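Naming: A, B, ... by sequence-line order, numbering from 1 per chain. None of these values were measured; they are calculated from a predicted model.
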Number of protein chains: 2
Amino acid sequence: MPPPSAPTPKATYHHGDLRTALLEAAVVALREGGIAGLSLRDCARRVGVSHAAPYRHFASKDLLLAAIAGQGFAWLAAAGRAAMAGQRDPQARLDAYGQAYVRFAVAHPEHFRVMFTAQIADCTEADQEVADAAFGLLRDAVAAVQAASPDAAIPDADTAAVAYWSRPHGLAMLLLDGRVPPEAWDTPQKLAALVHAALG
Amino acid sequence: MPPPSAPTPKATYHHGDLRTALLEAAVVALREGGIAGLSLRDCARRVGVSHAAPYRHFASKDLLLAAIAGQGFAWLAAAGRAAMAGQRDPQARLDAYGQAYVRFAVAHPEHFRVMFTAQIADCTEADQEVADAAFGLLRDAVAAVQAASPDAAIPDADTAAVAYWSRPHGLAMLLLDGRVPPEAWDTPQKLAALVHAALG
DNA sequence: GCCGTATGTTGCTGTTGTCAACATCTGGCG
DNA sequence: CGCCAGATGTTGACAACAGCAACATACGGC
């Protein structure tokens, strides 16, 4: 019988849901040591499992990161949809997406950083799809605004979408990289004002 | 004396300018394998030097990256200053900075990625200073615009600076991460139009 | 009750970051 | 000119890591 004093008593040989547990452990590890400090063996140790067990669920370290990225994109799209659901005006919907975008980044910094650091080539097709879905959501919102107010200043819908996306994305990156003093966004109000200013 | 980057087949025991050579080799390695693929030993091998030689110039791998980041911030500030020098109108100066910002990121993707990925805590004070200088340049340009047109909509100068900074920064990140199809920015004209749209 | 398969373990190889001890060169000082 | 101190480069070592292979165990269908 295994030593009964372990934090996870290791009652069973099989873990039960190792994949999920590894993803959660990886996020904690990312929070503590950043992407460079992440190691599969450390994740395995945190979960109380041998150093090669993760390979039954992730073919490589990069694919673990890709899975985290995919999860993040799914959450981001869900957050964006939820935020837009409360708005009717196209412009208001777009701004709601931008606010949700930055709020997501601040709430899940590890996910966000992995989402935009992992090399896309290494991603699964499924992960690629959820990422594209999150962007498609924004492109549609931008297109709706363009349709509502025919400025004709920006003809290309994709260009307009990228241009708008740049704003919350850049702000989120600057916040996460510590380029903005924390006291400038330590309350939801301050953060919302900052996002509002960035969205323009 | 041959220039340091000449193919010296290890004529001398000492390299001559190993520090510079290592920085250059690291940038090439970053281009080929990304930050995750960078290794000090590989840099040493590229330069034709033993695996521990880099430690005479960089106390750790992170400090090598910090040095690259510092170099990048210095270049970025120089590019921004040069771009603004040709403009008199405050708004035009600010837009010139934004254009230069994205052009720098596209021209030096490895530097740019390191600049905004390396943990700031690991940076030398000198590197930190050049980074702050690049941001200060932008804050001054934003303040000049605010002073010229008293909209009073955005009272805080720092908030306005961060808000404006978000735009070129986000666009640069999206371009470098491959989130925008390359054919959308494969000519200077297309790129300038994209930046113009993002700056708003 | 039995067996195929999914899951977890142990052990190995090659690479890396980092340190310590040693070797070599360069510049200044007599 | 000769010599020594410090700067620079080398060799060897250690621990941690990614990833692979062979083996062990448990679950689920028959």
Quiz item: Could you state the OH-P distance from A:Tyr55 to C:dA6, rounded to the nearest angstrom?
Solution: 20 Å
Self-check item: Where at least one partner belongs to residues 53-76 of chain A, residue pairs that pass ring-ring contact (aromatic ring centres under 6.0 Å, His included), sequence neighbours excluded
Solution: A:Phe73-A:Phe116, A:Trp75-A:His108, A:Trp75-A:His111
Quiz item: Rounded to whole angstrom units, what separation is found between the CG atom of A:Leu18 and the P atom of D:dC27?
Solution: 15 Å
Exercise. Ignoring backbone atoms, test whether A:Arg45 places a side-chain nitrogen or oxygen under 4.0 Å from the OP1 or OP2 oxygen of D:dC17.
Key: yes
Practice problem: Figure out the CG/P separation between A:Leu64 and D:dC17, and round it to whole Å. | Solution: 14 Å
Quiz prompt | Qualifying residues under side chain to side chain contact (heavy atoms under 4.5 Å, CB included), relative to A:Ala92, sequence neighbours excluded | solution = A:Gln87, A:Asp89
Quiz prompt | Donor-acceptor under 3.5 Å (B:Gln99 side chain, B:Ala192 main chain) | solution = yes
Quiz item: If only side-chain N and O atoms of A:His51 are considered, is one of them under 4.0 Å from the OP1 or OP2 phosphate oxygen of D:dA16?
Solution: no
Between the protein and nucleotides 22-26 of chain D, which nitrogen or oxygen pairs come in under 3.5 angstrom?
residue	atom	partner	partner atom	Å
D:dA22	N6	A:Arg56	NH2	3.2
D:dA24	N3	A:Tyr13	OH	3.2

Quiz item: Should B:Ser39 be listed as having a side-chain N or O under 4.0 Å from OP1 or OP2 of C:dT16?
Solution: yes
Practice problem: Starting at CZ of B:Arg179, measure out to CG of B:Leu174 and round the result to the nearest 0.5 Å. | Solution: 8.5 Å
Quiz item: Do the non-hydrogen side-chain atoms of B:Val130 and B:Leu76 ever get within less than 4.5 Å of each other?
Solution: no
